[in-house]
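FYI, the numbering just counts along the sequence from 1.
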Amino acid sequence: MIVCSCNVFSDRQVLDAIAGSSQGMRTPGEVYRCLGCSPQCGRCARTIRALMDQAQAHGCGQCAEDCAVAGLTGLVAAE
């Protein structure tokens, strides 16, 4: 699903950026920077925040590959 139509990035790209962050991301602005862009209209910030909260709540990136949440989000534990 496209999250940001101004910068054209998807939920998958946001989740990959969150999972790939070694220090953890705390703000949507950090996600924008990681994806090499900046907010334009800002309508996607809430969706980015929701994805960040979802990933944090489920500890995504830390669970096994067969985790139901990992299957839905595409995130799997680092090998």
Between atom CG of D11 and atom SG of C44, what is the distance when rounded to the nearest 0.5 Å?
12.5 Å

By the salt bridge (Lys or Arg N to Asp or Glu O under 4.0 Å) test, which pairs, at least two apart or in different chains, include something from residues 22-48?
none

Point-to-point distance, once rounded to the nearest 0.5 Å, from CD of Q54 to CG of L15:
6.5 Å

Which residues pass the side chain to side chain contact (heavy atoms under 4.5 Å, CB included) test with N7, sequence neighbours left out?
C4, F9, Y32, C37, Q40

With sequence neighbours left out, the residues meeting salt bridge (charged side-chain N to carboxylate O under 4.0 Å, His left out) with R49 are D53

For S10, give me all partners under side chain to side chain contact (heavy atoms under 4.5 Å, CB included), at least two apart in sequence or on another chain.
R12, Q13

Could you measure the distance from the CD1 atom of I48 to the CE atom of M25? Nearest 0.5 Å is fine.
10.5 Å

Minimum-distance pair of heavy atoms, taken over all atoms of M1 and T47
CE-CG2, 4.4 Å

